[in-house]
2 protein chains.
Amino acid sequence: MSLVDESAQSDRVRDALTAAHLYYMQDLTMDAIAHELHTSRSSVSRLLSHARATGLVDIQIRSPLDAPSRLELLIQERFQITAHVVPVPDHASDVDRLERVALSVARILGQFFDSNMVMGIAWGSTMNAISRHVTPKQTHGSQIIQLNGAGNMRTTGLSYASEILGRFGYAFGAHVHQFPVPAFFDSPATKQALWRERSVSRLLEMQARMDVALFGLGSPFSEVPSHVYAGGYLEEADYASLSRSEVVGDVATIFFRADGSTDGIPLNTRGTGPDFDVLRRTPRRLCVVSGTAKLPSLRGALKADLITDLFVDESTARALVATI
Amino acid sequence: MSLVDESAQSDRVRDALTAAHLYYMQDLTMDAIAHELHTSRSSVSRLLSHARATGLVDIQIRSPLDAPSRLELLIQERFQITAHVVPVPDHASDVDRLERVALSVARILGQFFDSNMVMGIAWGSTMNAISRHVTPKQTHGSQIIQLNGAGNMRTTGLSYASEILGRFGYAFGAHVHQFPVPAFFDSPATKQALWRERSVSRLLEMQARMDVALFGLGSPFSEVPSHVYAGGYLEEADYASLSRSEVVGDVATIFFRADGSTDGIPLNTRGTGPDFDVLRRTPRRLCVVSGTAKLPSLRGALKADLITDLFVDESTARALVATI
DNA sequence: AAGCCGAGTGAACAAACGTGCAAGGAGGGG
DNA sequence: CCCCTCCTTGCACGTTTGTTCACTCGGCTT
């Protein structure tokens, strides 16, 4: 980028700030602002879009503490976690649901992440959707670390996962640490060997220190299997094994049962995500769920105490608290 | 308010929150939201206005720390204070200027005031304008205290000042403490006597403990005299005295010279605002100025170290840093 | 030097929004 | 029981805003 580009950039930011000020603080119309900035109304419209998209303008919703939704209260009482229920009409499709929850999370994520923090991020369709909308917030000294490997037998998976991570990193101005291993090893021994490598153990140590973890849930036996199951990461035999172990879901390739337990699930010796013990030591653990198909998985994750903050669409939330 | 009113109220808030969520987090159109909430688009529009007006939706402008306006930087360097320059076109009238600065301050004030804080507030046309726009923010245990008396020889002045204070108090859910004394006493002895009264000294002690002070500037010899001078609070002789003492302005009825000094200004023994020593011990001292007429006064206040955060319109800011 | 490319602009159109108004409804008083 | 009042609602209109498109203008390549 040339010098003149840079100053043009900063001019643009300056104008965007002024426009935002005039629009949001002084309630001028874009027309009036265009006049003050000696440009056209359309440019002001674009300037303001830009200001919102880049986080220059930050819109928060602060519910008066006495009025969180009934659902959020119920979930809080029942599971001792903070719930963020995203309103979604009941008739919405699962794709809609996911998209809308992801959009909401993307907008609110900045409130959980700040300078000098380390955030662990999983990947999958949920994370992908979030990454495509995340609103930037400038931080410094912050790090983003991939929670689990992404390769499978057909591809290194790097581009997909790295695209996701990259978008988060770019939005927060954070240093991104990729985790260049397959999602599942073929042999536990390879995993153990690699885990002893200094390059890998450096990443594991960083995972152990993270301040925020952001992840979705896998749910191997639901009708809409998540990305891990669709992408050829597992084989028939693996599914059978999961089924035998009565697995209901996973977080970052680590599987759990309905009661939250993980012991003696063979596949976990080959998965690459963080031990739940490590995860549970992370102060904020943000879990994003949409669609009732993931309900069993969600219940298991809650039993396992993997979640401190839950982002969930309204009908799934309702189903969660409905006594069965 | 009846029970059913209350629940209707909370329904309204709930709807407003949902609407805000759908509008600002999920980018739905009002039409779509109307559909989801089973109401008309106009109602949604009103609901959203309501949400903004009551502070349910909070819009902030966060300038990336490397791009405060050139003016704000200059002022910061020159005077060691934080400046908030409000963009206002040069050709705007003084009334416009005041109104626009006030609107900006009203929107941003919530960032300086929180639960369990004590805020001292002066009164006058500037404060009045701000009070009419201040965006609510619910706090608890917070107090608002009037900085100086408001009566004069013709009226107790209570209604005007109390209206202003009341609006702030209402917006923040804060307890309002009025200061039921005239703006200026006729005799210093009366002031001293009253100052020893427990009811008054209780207020003075609270002033000494305040976390934030919010005030405008008086400027007795400018062409647009502020409210204190227009309202019959001072007499000819007083003006003559001020002129003799080379006074350039006042903060809450305490006068100062161009060099910031106050010693030996007779009128100050009869004014009711806080000693500058008290004021200077307040952590945040927000001063709102608009119009170049107040420039001499502003320079004096800066010399006196009365200000930690300055809110000022653009052309006055420019004039402030212009070398004379 | 001509030409190509991409970023950015304003005009024009279409979509989305705010608001005055009349109608409807709940609550309170006569 | 009726009426009056005040508040809320949806409609219709005019305004404001988002977006498409054709165009311009530097910068870079051929």
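Every chain is numbered from 1 and lettered A, B, ... according to where its sequence line falls, protein lines coming before strand lines.
- The shortest distance between the side-chain N/O atoms of B:T39 and the OP1/OP2 oxygens of D:dG10 is below 4.0 Å.
- Considering only heavy atoms from C-beta on, A:F172 stays 4.5 Å or farther from A:H140 through its side chain.
- What separates NE2 of A:H38 from C1' of C:dT9 is a distance of 17 Å, to the nearest Å.
- Comparing C:dC17, C:dA12, D:dT16 by their closest approach to the side chain of A:T29 singles out D:dT16.
- Protein atom NE2 of A:H50 is 18 Å distant from nucleotide atom C1' of D:dT19, rounded to whole Å.
- Rounded to an integer number of Å, the gap from CZ of B:R46 to P of C:dG18 is 11 Å.
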side-chain hydrogen bond (donor to acceptor under 3.5 Å, both in side chains) between B:R167 and B:S131, intermediate numbers included: CA-CA 6 Å; B:R167 286 192 279 252; B:S131 76; 2.9 Å; yes
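- If you measure from atom CG of A:L22 to atom P of D:dT17, you get 12 Å, rounded to the nearest angstrom.
- The side chain of B:S42 approaches C:dT19 more closely than any other nucleotide in the set C:dG10, C:dT19, D:dG18.
- In this structure, of C:dC13, C:dT19, C:dG18, it is C:dG18 that holds the atom nearest to the side chain of B:R41.
- Taking atom CG of residue A:D31 and atom C1' of nucleotide C:dC17, one finds them 15 Å apart after rounding to whole Å.
- Looking only at side-chain heavy atoms (C-beta outward), B:M127 and B:L214 come within less than 4.5 Å of each other.
- Within the 4.0 Å cut-off from OP1 or OP2 of C:dG10, at least one side-chain nitrogen or oxygen of A:S43 is found.
- Using a cutoff of 4.0 Å between basic side-chain nitrogens and carboxylate oxygens, B:R107 and A:D27 are scored as salt-bridged.
- In this structure, the side chains of A:F215 and A:I121 stay at 4.5 Å or more apart for every pair of heavy atoms.
- Proximity of B:Y23 to the phosphate of C:dC17: a side-chain N or O atom is located under 4.0 Å from OP1 or OP2.
- For the pair B:D27 CG and C:dA15 P, the interatomic distance rounds to 18 Å; values are reported in whole Å.
- A straight line from CG of B:D15 to C1' of D:dT8 spans 13 Å, rounded to a whole angstrom.
- Here the nucleotide nearest the side chain of A:S45, chosen from D:dC21, D:dG18, C:dT19, is D:dG18.
- Regarding A:Y24, its OH atom lies at a distance of 10 Å from the P atom of D:dT17, rounded to whole Å.
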